[in-house]
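For reference, the structure discussed in these notes is given below.
Computed from a predicted structure; not experimentally measured. Order of appearance sets the numbers: ligands from 1, and atoms from 1 within every ligand.
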Amino acid sequence: VAAGVREGVPGSPGSAVGPIWTLPASVLAPVERSGATVDEAIAALATAAAQLTELAATRSAAGAGEEGEIFSMQSAMAQDPALATAVREAAKGGADGVAALIAAGEAQAALLASLPDEYLAARAADIRDVASRAARILAGTTIPLPGRPVILVADDLPPSVSAEIPREHLIGIALRAGSRTAHAVILARAAGIPCIVAARDLEVDGSLDGVEAILDGAAGTLKLAPSSGDLASVTAAQQKGAADSARRAGLRGRPVVLSGGSRVHLYANIGSAEDAARAVAVGADGVGLLRSEFLLLDREAPPDEREQTRAFTKIFEVLGSGLPLTLRLADIGGDKEIPYLRLPHEANPFLGVRGYRLAMIKDRPDLRALFASQVGAALRAAAATSGVLRIMAPMISVRAEVDDLLALVAAVRADLTGRGETDAAAYPAAIGIMIEVPAAALTVADLATGLDFVSIGTNDLTQYAMAADRINPALVALQDAAAPGVVALLRAVAEGAAKGGVEVGVCGELAGTVSGAKLLTGIGIYELSMDPAAIDEVREGLLGA
Ligand code: PEP
Ligand code: MG
């Protein structure tokens, strides 16, 4: 039996005890097998339906009702005889099972897309998704589910894959690749799942399957075949953790005022309506970062403005009318790929056309329309709920991009007026940008004109300042937002914001640790946005300072 300790880097705190389950490498490989028969394709649809029904049940039971509804609707689609008929039709034309499934999904999607009802038309993406799930099953690249609580071991865990694994079966995550600020880790932290990354010696070939282990998210270690003494100390640590949590929960609702009299606002970074509920539960002062990409991932076509309006409205409703919602426009590119947007391959995606740069590509009016639809949906949702709206653009480097953002917002308002939606057209929204690029950090006073706020993304700012890819596990030592070179940039942003007369905050991971929060308040930054799971501890740390 494998034994010993696999050393990694802390990703998400907490400890877990249980058997190891390895995510098969084939999950990450593309569908390519052909030669399957039409009957096998129909059987794959039935398997997809069963999987989706199970997903729906587990997500609903976990309190994610909206996700559950989507999966059960998809399950019904997989069982629709019309889809099976379409598969047989496609196979008559000579297509093999996999190709017939894809073609049938496309045909059914085209039918739905042609309907005058916007809601039904939007279901086209769902049916394509169902067909490709069945195709994955047929090609043997389905995402297998562990079926019991496990510590997941993998080379990496893309967000789209982690979404498929029932939360209650995922008690811990140990990755050979990854870094503290990779999106898989941010999701794990949001879900409260202990996680370690960059465990270079971790076996990901399945040889550890079934081995009992202790995952220590704070220490960054995975201990194989632990002794009874090890297990006892985990229990003691878990008890201390529970006592800490209870004490910190007692501080919720207490405003954070530093000894010098400065008030600190603790905001939440969220990626869904469920996260918003978590933020409210821990007494967040609002949302400092909504990663709106959650609406764009895991689908086959972009969402329309109506669907986005519904999603943003839901979040405003969860927050209530008093708490601000800072909605970040789509931050695609870098490590967040969206196949249906058909973006060209880039040699250096983190230095490529990412974030707001996508809104400004000359020959891609569809992408500009996507950003415009986000702004429109945000204004409509805020107007409908009397929400406090802040709109923020990611990856800004120069003044021309700020001017473009202001023009985009003005154009959306004019368009809403033209559509007779005067409430939304005139609804107030603070406009801001993320400071993630050193060039922007050094010129905030100039970028500030016309804006209300800036928010520093220390995750990206650090990778660009240190020339250290945020997802490269070999560079953990350089991925340090408290390094002197990064802190000098943070000071420059604080000064530039004061000069330019805009609010300044931080929404990178640095704000979500007690030491990081103290560092930031020490240089005069009092708007801190972090994972909802970090708020209680940071509040206690600052109150005790
Ligand atoms: C950041 O870069 O610090 C940030 C908050 O944005 P993201 O992590 O989504 O890139
Ligand atoms: Mg960023």
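- For the pair Val504/Glu527, no side-chain contact is recorded, criterion being any heavy-atom separation below 4.5 Å from C-beta on.
- Glu509 and Arg470 are not joined by a salt bridge, as no carboxylate oxygen comes within less than 4.0 angstrom of a charged side-chain nitrogen.
- In Arg470, the part holding a heavy atom less than 4.0 Å from any atom of ligand 1 is the side chain.
- Short contacts between ligand 1 and Cys507, defined as distances under 4.0 Å to a heavy atom of the residue, involve ligand atoms 5 (C).
- Listed by atom number, the atoms of ligand 1 under 4.0 Å from Leu289 heavy atoms are 5 (C).
- Partner Ser373 forms a side chain to side chain donor-acceptor pair (under 3.5 Å) with one of Arg368, Gln308, Glu305 and no other, that one being Gln308.
- Proximity of Glu509 to ligand 1, defined as any heavy-atom pair under 4.0 Å, is not found for any part of the residue.
- Residues satisfying the salt bridge (charged side-chain N to carboxylate O under 4.0 Å, His left out) test with Asp452, not counting sequence neighbours, are none.
- When non-hydrogen atoms are compared, ligand 1 lies under 4.0 Å from the side chain of Asp331 (C-beta onward) but not from its backbone.
- No part of Asn269 comes within 4.0 Å of ligand 1, judged by heavy-atom distances.
- Checked against salt bridge (charged side-chain N to carboxylate O under 4.0 Å, His left out), Asp216 has no partners two or more places apart in sequence or in another chain.
- Salt bridge Asp331/Arg291: absent, no basic N to carboxylate O contact under 4.0 Å.
- Nearest N, O or S atom of Asp460 to the Mg ion (ligand 2): atom OD2.
- Atom OE2 is the N/O/S atom of Glu436 found closest to the Mg ion (ligand 2).
- Salt bridge status for Asp366 with Arg342: absent, with no side-chain N to carboxylate O gap under 4.0 Å.
- Residue contacts with ligand 1, taken as heavy atom pairs separated by less than 4.0 Å, do not involve Met395 at all.
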